Amino acid sequence: GKPERLVNVEAARDDGVLVLRRFSGGGTVVVDHNSLWTTIIGRNAMLPGVKPFPREIMAWSAESIFGPAFESWNREISSDRSRSDIAGRKRGRQTLVFQGKSCGFSGGAGESLILPSKDTRQQSLEENSPPKFELRENDYVFGERKIGGNAQSIVSGGFMHHTSFLWDYDLSNMAYLTLPEKRPEYRSDRSHDKFLARLKEYHGQRSSKNSLWAHMKKATNDRFELEEVRLDNVMKIAEDKFGGFQEWFDGKCRTKVVRL
Amino acid sequence: MAAVSIFATAARRSMAQALRSSRPATSSRPWTARLMSTYFTPAHEYCKVDGKVATVGITDFAQAALGDIVFVDLPEPGDSFEAKESFGSVESVKAASDVYAPITGKVLEVNEALTDEPGLVNSSAEDDAWFIKLEVGDESELGELMNAEQYKEHCEKEAH
C-alpha cells in the first residue's frame with residue numbers, strides 16, 4: 001500500500017518512527033518489545049494439505065498451532081488458579097500472598113486477600129476466562145477483538161506467514177496509524193483501542209509473554225520436529241551467505257525502509 | 001462449501017474469458033482473421049498471446065483467493081524476464097503474492113491504471129487489470145502452459 005494512506009506521516013516523521021514496508025503485504029501494524037512475533041515458513045511439498053492462499057494458510061495455522069497453543073495456555077492458567085484457590089481454602093478464607101510465589105498472584109509482598117465464597121469463585125473463574133481463540137474473517141481474535149496482525153507472502157512452492165501478537169501495546173503508538181480504508185466487517189468503525197485486545201489483559205497477572213511463547217513452541221513441537229536455534233546462528237548465515245546482515249538488508253532483502 | 005463455490009465460479013469465469021478471446025476476431029484488415037490464444041500457468045497467471053505480444057495478468061481465480069487488492073508492484077518497460085521468473089507482486093489486505101512471467105520476454109508496457117486503482121484487479125482481473133505486455137521471446141514456451149480447459153481442471157482440483 002501507499003504510506004500516506006496507512007500511516008500518519010507527519011506524526012511518524014516528527015517522532016522519528018522507523019517505518020518498514022514488508023514484502024509480505026497485509027495491514028500496517030505498530031510493533032515493539034510488547035509484541036510477540038511468529039513466522040511460519042511453509043513449503044507446499046511438505047504441507048500438501050495446505051492450499052497456498054491467505055485464508056487457507058490462516059485456517060491451517062489457527063487449527064494446527066495457535067488454537068492448541070491458546071487452549072493449553074488457558075488450561076494452565078485455569079489449573080493454576082484452581083490450585084491457588086484450593087490452597088487458600090485450606091488455610092481459611094483469608095490468606096497472605098507474596099510476589100513471585102507459585103500461587104500465581106503478583107502483587108505486593110505480604111498482600112492480604114479475602115477469597116470469595118466457593119459459589120462466587122466458580123462464577124468469577126468463568127467470567128475471567130478469555131473468549132475462545134478463533135479465526136474471524138482474516139484475523140485471529142478473542143471474541144470480537146483482534147489479538148494480532150497477520151501477513152503472508154506467497155511464492156512459487158511455498159509461503160511465509162507471520163503474526164505480531166499483541167501481548168501489550170501503548171495506545172499512544174496507535175496514533176501513528178490511520179483507520180484502514182479496507183476493514184473487516186466485524187470491526188465496523190471501532191477505533192484501534194476498541195478493536196484490538198491486549199493478551200496480557202486476560203491472563204497477564206498470572207502469566208507472561210514468555211509463558212505464552214512456551215505454549216506456542218509446544219503446540220508447534222506437537223506437530224513438527226522442533227529444533228531450536230539461536231539468533232547468532234541466523235546472523236552467521238547472513239554473514240556467510242550475504243556478507244553480513246546490513247548487506248543482506250540493503251541488497252536482497254525485500255523489506256525496505258520507507259523514507260517519509 | 002463457500003470457498004469451493006467461489007473458486008469454482010471464478011474458474012468458470014476464467015475459462016469463459018479464455019474462450020471469448022480465442023475466437024477469431026475481425027481486424028482493421030478485413031481479409032485477415034486474427035486469433036488470440038489464452039494460456040494459463042499453475043500459479044494462476046494468464047497469458048493472452050496476439051502475434052508477438054503477450055498480455056499477462058492474474059486470473060479471476062487468483063484475485064478471488066487473494067481478497068481485496070491494495071497494491072500492485074510492476075516492473076519497468078524494457079525489463080526482461082525469463083519464464084517462471086518473478087516480475088512483480090500483487091498485494092491484498094492479507095498477503096503479497098509474487099507473479100511470474102509465463103514466458104521469456106521483454107516488458108513492452110505496464111498497466112499504469114493499477115497504480116491508482118489496484119482494486120481493478122478484483123473487478124476485471126482478466127480484462128482491464130492486465131499487468132504487463134511482454135514481447136514474446138520463445139514461442140515454444142507456450143507449449144508448456146495450460147489451455148482454458150486444463151486450467152479449469154487445475155482450479156477445480158485446487159478448490160477441493
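Everything numeric in this text was worked out from a predicted model, so none of it was measured. Labels below follow one simple rule: chain letters A, B, ... track the order of the sequence lines, proteins then strands, and each chain is numbered from 1.
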Next item on the list: Identify whether NZ of Lys or CZ of Arg in A:R5 sits under 6.0 Å from the centre of the six-membered ring of B:F71 and within 45° of that ring's axis.
Entry: no
Check: Hey, is NZ on B:K106 packed in by over 12 heavy atoms from elsewhere, all under 6.0 Å?
Finding: no
Check: Can you tell me if NZ on A:K209 sees more than 12 non-hydrogen neighbours from other groups inside 6.0 Å?
Finding: yes
Margin query: Heavy-atom pairs under 4.5 Å with chain B: which of A:R22, A:M58, A:Q152, A:R55 has the most?
Written below: A:Q152
Next item on the list: Take atom NZ of B:K52 as the centre, draw a 6.0 Å sphere, and report whether it contains more than 12 heavy atoms from other residues, nucleotides or ligands.
Entry: yes
Next item on the list: Could you please state which residues from residues 154-162 of chain A sit under 4.5 angstrom from chain B, measuring non-hydrogen atom to non-hydrogen atom, sorted by number, or 'none'?
Entry: A:I154, A:V155, A:S156
Notebook entry, point to check: Where do A:P54 and B:A65 come nearest, in terms of heavy atoms and distance?
Noted result: CD-O, 3.4 Å
Check: Side chains of A:R254 and B:D98: does their closest heavy-atom pair fall under 4.5 Å?
Finding: yes
Next item on the list: State whether the number of non-hydrogen atoms from other residues, nucleotides or ligands found under 6.0 Å of A:E10 atom CD is greater than 12.
Entry: no
Margin query: Would you say that more than 12 heavy atoms from the other residues, nucleotides or ligands in this model lie under 6.0 Å from the CD of A:E144, or not?
Written below: yes
Item checked: Portion of B:T115 that has a non-hydrogen atom of chain A nearer than 4.5 angstrom -> both
Next item on the list: Identify the two heavy atoms, one from B:K94 and one from A:D139, that lie closest to each other, and give their separation to 0.1 Å.
Entry: NZ-OD1, 3.4 Å
Margin query: What's the separation between atom CD in B:E158 and atom CD in A:E56, rounded to the nearest 0.5 Å?
Written below: 9.5 Å
